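Below is one structure, written out as structure tokens, with a few remarks after it.
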2 protein chains.
Amino acid sequence: MEIPCPMRIATETMGGRWRPGILWRLMDGPMRYGELRRGMPWISEKILIRHLRDLEAAGLILRTDHGTQPPQVDYRLTEAGQTLGPVLTAMAAWGAGRSAAGAERLGA
Amino acid sequence: MEIPCPMRIATETMGGRWRPGILWRLMDGPMRYGELRRGMPWISEKILIRHLRDLEAAGLILRTDHGTQPPQVDYRLTEAGQTLGPVLTAMAAWGAGRSAAGAERLGA
DNA sequence: CTGTATCCCAAATGATACTG
DNA sequence: CAGTATCATTTGGGATACAG
């Protein structure tokens, strides 16, 4: 029986360039596809939808199609996804701190 | 002036498939190249050394060449690298928890 | 609005052999 | 021991057009 590296589990599930950003945004509650899209304009549609599917397959987010016309779909964190809260919060805080530190060095 | 997404800062700096694993291992103190290598046999030498160089360039780790024969080089976290502690700890804990949950479902 | 389909490029990753 | 060099593969990422 193998004891895998816990970091591997983590990076393989929530790693990838954009996944933390998506999950982080969903922490505040459900968001519609378009909201996510507008919130991260630097990701192409294809990549966004792919990450959403992957995260859904990993059981971290839940996709709800309201079956209306016009279409309305929202995404939310599952319970498993919620457990990522501490990780996402820590990452975002670190990123914010690093960006502030960088701004300082530039003479702000 | 732009306020970048903090998650982007974080993922671009410490993202990448193996970087969190490397940083996490260094949290316990300096490690020699060979130790790191043996600890993560699933990474090829080339990739490991590249991540080490990248992390060094990002100011997160420090490489020390003792100039001995045979060669002896160790890597340690810089102060900036230490600030990642909470992130790494949270990630590792989450990964461990997820792997345990998986084992349960398999009937352990 | 919420996606799919297609084509394309670049970066990341990897196996293996070799070097100071 | 601590790396480099080389070649090949895989994955990630993206623009654009189109569809239900």
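Quick caveat, the model's predicted, so the values are computed rather than measured. Letters go in sequence order (proteins before strands), and every chain restarts at 1.
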Please test B:Arg32 against B:Val73 for side chain to side chain contact (heavy atoms under 4.5 Å, CB included), starting from the C-alpha separation and ending with a verdict. CA-CA 6 Å; B:Arg32 295 185 52 175; B:Val73 175; over 6 Å; no
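In this structure, of D:dA8, C:dG20, D:dG14, it is D:dA8 that holds the atom nearest to the side chain of B:Lys46. Relative to the side chain of A:Ile47, the nucleotides D:dG20, D:dG13, C:dG14 differ in distance, and D:dG13 lies closest. The side chain of B:Val73 lies closest to D:dA2 when the candidates are D:dT4, D:dG13, D:dA2. Of the candidate nucleotides D:dG14, C:dT4, D:dG20, C:dT4 has the atom lying nearest to any side-chain atom of A:Glu45.
The CD-C1' distance, from A:Glu35 to C:dG3, rounds to 16 Å in whole Å. When the C1' atom of C:dA12 is taken as reference, atom CH2 of B:Trp18 falls 11 Å away, rounded to whole Å. A straight line from CZ of B:Arg50 to C1' of D:dA2 spans 18 Å, rounded to a whole angstrom. As a whole-Å value, the separation of B:Gln72 CD from D:dG3 C1' is 15 Å. Across the protein-nucleic acid pair, B:Leu48 atom CG and C:dT16 atom C1' stand 16 Å apart, rounded to whole Å. The CD1-P distance, from B:Ile43 to C:dA15, rounds to 11 Å in whole Å. With rounding to whole Å, A:Ile49 atom CD1 is found 17 Å from D:dA15 atom C1'. In this entry the distance linking CE of B:Met40 with C1' of C:dT13 reads 13 Å, nearest Å.
Nucleic acid contact for A:Arg53: sugar-phosphate only, since backbone atoms but no base atoms lie under 4.0 Å from a heavy atom of the residue. Within the nucleic acid shown, B:Arg37 has no heavy atom closer than 4.0 Å to any nucleic acid atom. Residue contacts shown for A:His51 are limited to sugar-phosphate atoms, with no base heavy atom under 4.0 Å away. At the heavy-atom level, A:Gln69 lies nowhere under 4.0 Å from the strands shown. Residue-level contact check: B:Arg17 touches the backbone only, with heavy atoms under 4.0 Å from sugar-phosphate atoms and none from bases. Within 4.0 Å of A:Arg63, counting heavy atoms only, lie sugar-phosphate atoms of the nucleic acid but no base atom.
Contact annotation: A:Arg32 side-chain N/O to C:dC1 OP1/OP2 distance is not under 4.0 Å. The phosphate of D:dT4 (OP1 or OP2) has no side-chain N or O of B:Tyr33 nearer than 4.0 angstrom. Contact between the side-chain N/O atoms of B:Trp42 and the OP1/OP2 oxygens of C:dA15 is not found at any separation under 4.0 Å.
Annotation: the span from B:Leu23 atom CG to B:Gln82 atom CD amounts to 11.0 Å, rounded to 0.5 Å.
Between A:Glu56 and A:Leu62 there is no side-chain heavy-atom pair separated by less than 4.5 Å. Counting only heavy atoms from C-beta outward, the side chains of A:Arg76 and A:Thr64 approach each other to under 4.5 Å.
A salt bridge links B:Arg19 with B:Asp54: the closest approach of a Lys/Arg side-chain nitrogen to an acidic carboxylate oxygen falls below 4.0 angstrom.
A distance-only check finds a donor-acceptor pair linking the side chain of B:Thr78 to the backbone of B:Gly81 [under 3.5 Å].
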